[in-house]
Number of protein chains: 2
Amino acid sequence: MTQPNPPFMTGVPELLLLRILEQQEMYGYQLVRSVKQVTAEAISLGEGVIYPALHGLERNGSLKSRRKAVGGRTRVYYSLTRKGKKRLAKLQDDWRRIQNGISTALEVPAHA
Amino acid sequence: MTQPNPPFMTGVPELLLLRILEQQEMYGYQLVRSVKQVTAEAISLGEGVIYPALHGLERNGSLKSRRKAVGGRTRVYYSLTRKGKKRLAKLQDDWRRIQNGISTALEVPAHA
DNA sequence: CTATATACCTTGTACTTCGAGGTATATTGT
DNA sequence: ACAATATACCTCGAAGTACAAGGTATATAG
């Protein structure tokens, strides 16, 4: 077991999912691989993170889903709603603000 | 009340506090202002965040404190231990990894 | 002499990520 | 034919975490 509440991960699943689904419709199992890929292996989210996140996002109206049978198996494809686009924009702003703040704090050793 | 568990903030107080105290000893009330300053106003942490964080960091051996009377008032100054320096290094690594992953994910519109 | 700034602190709330475990069908290897 | 793996969905409990609000007390400023 990794430690719970790992640093800097709060909000990251939500941001990544919305960002990926903004570009194209995808299903859960596929998103597990896609997250790894688009972050250049830097971030990996398990199914225990992806599925609940997807459900929450759909519940609050950021995503909509449709079921699709593919070779005897059922996939649930998710895509962004208008609300999801707004949510993504806000999360990106939050991210950039915090990212800037921390960058500023980490540069300038000042004691050199 | 702001929403609980705000996005991207998990681990940020710990990182910021360790980073600032790495450069110089400070007391809690002073750190509230310092955090704002070193992040160029991008991030602001209240006393309800700072004090518990300081206590936790001291409890786990990352910080040491000494009390100092200043004009009839008592201040508790905190500074980094060897363990705190290691913890800071690890947090910085985590931060950079995630920051890189998200940057990669956010660039390339690809659908342009 | 009252209001504000300094300086410390605690409590409760409302989240969150994560691993582990569970079901079922299709595909691949032998 | 049969076993193992990959695909595809899901739930639950654990262990935190940041935050606002509220509380105490002393010094300084209006």
Side-chain angles (χ1 to χ4, degrees), chain A residues 1-17 25-36 39 43-60 63 65-78 91 94 97-98 101-102, chain B residues 1-18 25-36 39 42-60 63 65-78 91 94 97-98 101-102:
Chain A
M1 222 198 301
T2 351
Q3 64 203 340
N5 275 26
F8 316 123
M9 282 303 287
T10 312
V12 167
E14 193 182 351
L15 173 62
L16 255 17
L17 258 19
E25 188 183 54
M26 279 196 191
Y27 57 96
Y29 198 76
Q30 184 181 16
L31 281 160
V32 174
R33 289 178 246 123
S34 185
V35 163
K36 236 180 274 185
T39 61
I43 299 172
S44 173
L45 303 176
E47 297 172 50
V49 172
I50 299 276
Y51 286 112
L54 252 15
H55 300 158
L57 253 9
E58 183 171 28
R59 200 182 324 124
N60 80 10
L63 295 180
S65 69
R66 65 191 184 95
R67 315 180 70 78
K68 205 178 170 183
V70 179
R73 230 191 236 108
T74 304
R75 292 176 180 165
V76 186
Y77 282 84
Y78 291 90
L91 279 175
D94 283 353
R97 197 194 79 244
I98 289 168
I102 297 197
Chain B
M1 220 199 301
T2 350
Q3 64 204 339
N5 274 26
F8 316 123
M9 283 302 288
T10 313
V12 167
E14 194 182 351
L15 173 61
L16 255 17
L17 258 18
L18 290 174
E25 187 183 55
M26 280 195 192
Y27 57 97
Y29 198 76
Q30 184 183 14
L31 281 161
V32 174
R33 287 177 248 125
S34 186
V35 163
K36 236 180 276 185
T39 61
I43 299 172
S44 173
L45 303 176
E47 297 172 51
V49 172
I50 299 277
Y51 286 112
L54 253 13
H55 299 158
L57 255 7
E58 183 171 27
R59 200 181 326 125
N60 81 9
L63 295 180
S65 69
R66 65 191 184 95
R67 316 181 70 78
K68 206 177 171 184
V70 179
R73 229 191 237 109
T74 304
R75 292 174 180 167
V76 185
Y77 282 85
Y78 292 90
L91 279 175
D94 283 353
R97 197 194 78 246
I98 290 168
I102 298 196

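Order of the sequence lines fixes the chain letters, A, B, ..., with proteins taken first and strands second; residue numbering starts at 1 for each chain.
Between the B:Arg75 side chain and the B:Lys68 main chain, no donor and acceptor come within less than 3.5 Å of each other.
Distance B:Ile50 CD1 to C:dT6 C1': 15 Å, rounded to the nearest Å. Between the CD atom of A:Glu47 and the P atom of D:dA6 there is a distance of 13 Å, rounded to whole Å. Here the C1' atom of nucleotide D:dT17 and the CD1 atom of A:Ile98 are 14 Å apart, to the nearest Å. Atom OH of B:Tyr29 and atom P of C:dT4 are 13 Å apart (whole Å). Distance, B:Arg73 CZ to C:dA5 P: 13 Å, rounded to whole Å. Between A:Asn60 atom CG and C:dT16 atom P there is a gap of 10 Å when expressed in whole angstrom units. Residue A:Tyr77 contributes atom OH, which lies 14 Å from atom P of D:dT7 at whole-angstrom precision. Atoms CZ (B:Arg59) and P (D:dG16) sit 11 Å apart, rounded to a whole Å.
Rounding to the nearest 0.5 Å places CZ of B:Arg33 at 11.5 Å from CD1 of B:Ile50.
Annotation: ring pair (Phe, Tyr, Trp, His ring centres under 6.0 Å) contacts of B:Tyr29 (sequence neighbours excluded): none.
Scanning all heavy atoms of the two residues, the minimum distance from A:Lys36 to A:Ser44 falls at CE-OG, 3.5 Å. Shown here for B:Ala42 and A:Gly101, the closest heavy-atom pair between the two residues is CB-CA, 3.7 Å. Here the closest heavy-atom approach between residue B:Val76 and residue B:Ser65 is recorded as CG1-CB, 3.7 Å. Across all their heavy atoms, A:Leu45 and A:Val32 have their closest contact at O-CG1, 3.5 Å.
Side-chain proximity of B:His55 to C:dA7, C:dC9, D:dA8: nearest is C:dC9. Between D:dA8, C:dT17, C:dA7, one nucleotide has an atom nearer to the side chain of A:Tyr27 than all others, and that is D:dA8. Across D:dT11, C:dC9, C:dT6, the shortest atom-to-atom separation from the side chain of A:Pro52 is found for D:dT11. The side chain of B:Pro6 approaches D:dA18 more closely than any other nucleotide in the set C:dC18, D:dA18, D:dC10.
In this structure, B:Val35 and B:Leu17 have side chains that are in contact, with non-hydrogen atoms separated by less than 4.5 Å. With a 4.5 Å cut-off on side-chain heavy atoms, A:His55 and A:Tyr78 count as touching. Taking 4.5 Å as the limit, some side-chain heavy atom of A:Met26 sits within range of a side-chain heavy atom of A:Ser34.
For the OP1/OP2 pair of D:dC10 and a distance below 4.0 Å, the side-chain nitrogens and oxygens of A:Tyr51 include no atom meeting the criterion.
Using a 4.0 Å heavy-atom criterion, one finds that A:Gly46 contacts no nucleic acid atom at all. Here A:Arg33 lies in heavy-atom contact (under 4.0 Å) with sugar-phosphate atoms only.
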Review item, nucleotides 3-5 of chain D N/O atoms under 3.5 Å of protein N/O:
none

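Comparing the helix axis at one end of the helix from C:dC1-D:dG30 to C:dT30-D:dA1 with that at the other, each defined from 5 consecutive pairs, gives an inter-axis angle of 30° (nearest 10°).
Looking at which nucleotide of DNA chain C each of B:Gly28 and A:Val49 is closest to, the 5′-most match is held by B:Gly28. Between B:Met9 and A:Arg75, the residue whose closest nucleotide on DNA chain D is further toward the 5' end is A:Arg75. Mapping A:Gln30 and B:Asn5 onto DNA chain D via the closest heavy atom, the residue that lands nearer the 5' end is A:Gln30.
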